[in-house]
Amino acid sequence: MEEEGKDKAPRLDMSHGFVNQIRRNQQDRDHFEKEQRAHNTAVKVNKQMQKTATRQKRPERQIYAPPRREKSSSVVEPAPESVPNTAQPSNVDKPVLEVEVETTPGQWITFNVLTTDTAEMVAKRVAMEHNLEPRLAAALAYHIAMELQGS
């Protein structure tokens, strides 16, 4: 029996301290690499979250819209014979005053007071169009009258 054991080639002694140190080193390296992968993925996720959270949106562009033409070439004007001849009086309705009123917080209306208008008439018309209370219409008429007296 002893002779049979001698015929075999000598093997590495796995209980040797050097081999145990190699095994421990490999296990430690695997553990370290796993920790590093987990840390790197956490850092990547955090960076992506920060980029999306702090990224500023571009301000909206103001697009140029050209003014509309009052008369287009495709509109056919009526013949001068069909238009009634109305003599324009010398006191044409011209805007005397432009008034801006805040009806609700943040909502403004603008209207013109003509030379033929009275303060009460304009206030009633605006009150009806925008559903203003009678006391507000009276205050508007007062302010329009004061402005008309001043101009």
Side-chain angles (χ1 to χ4, degrees), residues 12-151:
L12 235 106
D13 183 12
M14 299 304 272
S15 64
H16 191 271
F18 182 70
V19 175
N20 288 336
Q21 185 180 4
I22 292 173
R23 277 189 192 153
R24 216 174 319 133
N25 192 12
Q26 288 174 338
Q27 290 172 351
D28 289 343
R29 187 183 320 126
D30 288 343
H31 180 69
F32 177 76
E33 286 177 357
K34 286 179 185 177
E35 285 180 358
Q36 288 299 314
R37 273 190 239 121
H39 176 70
N40 288 343
T41 55
V43 167
K44 283 182 184 177
V45 169
N46 284 340
K47 285 183 180 180
Q48 289 174 351
M49 296 286 278
Q50 287 175 351
K51 283 182 183 177
T52 57
T54 61
R55 186 182 334 176
Q56 301 265 336
K57 290 186 177 181
R58 282 192 282 172
E60 292 186 24
R61 291 185 187 176
Q62 292 183 351
I63 299 173
Y64 173 74
R68 296 183 180 242
R69 296 181 185 169
E70 297 213 7
K71 293 182 180 179
S72 65
S73 59
S74 62
V75 176
V76 178
E77 294 184 21
E81 302 153 357
S82 65
V83 178
N85 188 5
T86 56
Q88 298 274 338
S90 60
N91 58 352
V92 177
D93 289 341
K94 293 182 181 178
V96 177
L97 181 65
E98 183 178 20
V99 181
E100 288 185 358
V101 179
E102 185 175 13
T103 56
T104 57
Q107 184 178 15
W108 290 81
I109 57 170
T110 304
F111 56 91
N112 291 325
V113 180
L114 304 177
T115 54
T116 58
D117 291 341
T118 63
E120 291 79 20
M121 184 176 71
V122 172
K124 284 181 185 179
R125 183 176 26 146
V126 171
M128 288 180 69
E129 288 177 3
H130 298 284
N131 298 327
L132 295 178
E133 297 176 15
R135 64 181 181 88
L136 294 176
L140 180 61
Y142 174 76
H143 285 290
I144 292 173
M146 295 304 288
E147 287 293 324
L148 287 176
Q149 285 179 1
S151 59

Checklist entry - Got a sec, which residues hit side-chain contact (heavy atoms from CB on, under 4.5 Å) with Val43, two or more places apart in sequence or on another chain? => result His39, Lys47

Item to check | salt bridge (charged side-chain N to carboxylate O under 4.0 Å, His left out) involving Glu33 - partner list, sequence neighbours excluded | outcome: Arg37

Next on the checklist: I need the full list of side chain to side chain donor-acceptor pair (under 3.5 Å) pairs touching residues 133-142, with sequence neighbours left out, sorted by first then second residue.
Outcome noted: Glu133-Arg135

Checklist entry - Partners of Arg61 by side-chain contact (heavy atoms from CB on, under 4.5 Å), sequence neighbours excluded? => result Arg58

Checklist entry - Is Ile109 close to His130 at the side-chain level, that is, under 4.5 Å between some pair of heavy atoms? => result yes

Next on the checklist: Checking Gln62 now: which residues fulfil side chain to side chain donor-acceptor pair (under 3.5 Å) with it, not counting sequence neighbours?
Outcome noted: none

Next on the checklist: Taking salt bridge (charged side-chain N to carboxylate O under 4.0 Å, His left out) as the definition, give me every residue that meets it alongside Glu35, ordered by chain and number, with sequence neighbours left out.
Outcome noted: none

Item to check | Non-neighbouring partners of Tyr64 that pass side-chain contact (heavy atoms from CB on, under 4.5 Å), sequence neighbours left out | outcome: Pro66, Pro67

Item to check | Val101 versus Leu140, closest heavy-atom pair with distance | outcome: CG2-CD1, 3.7 Å

Checklist entry - Arg24: what forms a salt bridge (charged side-chain N to carboxylate O under 4.0 Å, His left out) with it, not counting sequence neighbours? => result none

Next on the checklist: I need the full list of salt bridge (charged side-chain N to carboxylate O under 4.0 Å, His left out) pairs touching residues 116-129, with sequence neighbours left out, sorted by first then second residue.
Outcome noted: Asp117-Arg125

Checklist entry - Among pairs that include at least one residue of residues 97-110, which meet salt bridge (charged side-chain N to carboxylate O under 4.0 Å, His left out), considering only residues two or more places apart or in two chains? => result none

Checklist entry - Are the side chains of Met146 and His143 in touch, meaning some heavy atoms are under 4.5 Å apart? => result no

Checklist entry - In Å and rounded to the nearest 0.5 Å, what is the CD to CD distance from Gln21 to Gln26? => result 11.5 Å

Next on the checklist: Tell me every residue that passes side-chain contact (heavy atoms from CB on, under 4.5 Å) with Ala119, counting only those two or more places apart in sequence or in another chain.
Outcome noted: Ile144, Ala145

Checklist entry - About how many Å separate CG of Asn46 and OG1 of Thr41, when rounded to the nearest 0.5 Å? => result 9.5 Å

Next on the checklist: Return the CG to OG1 distance between Leu97 and Thr115, rounded to the nearest 0.5 Å.
Outcome noted: 12.0 Å

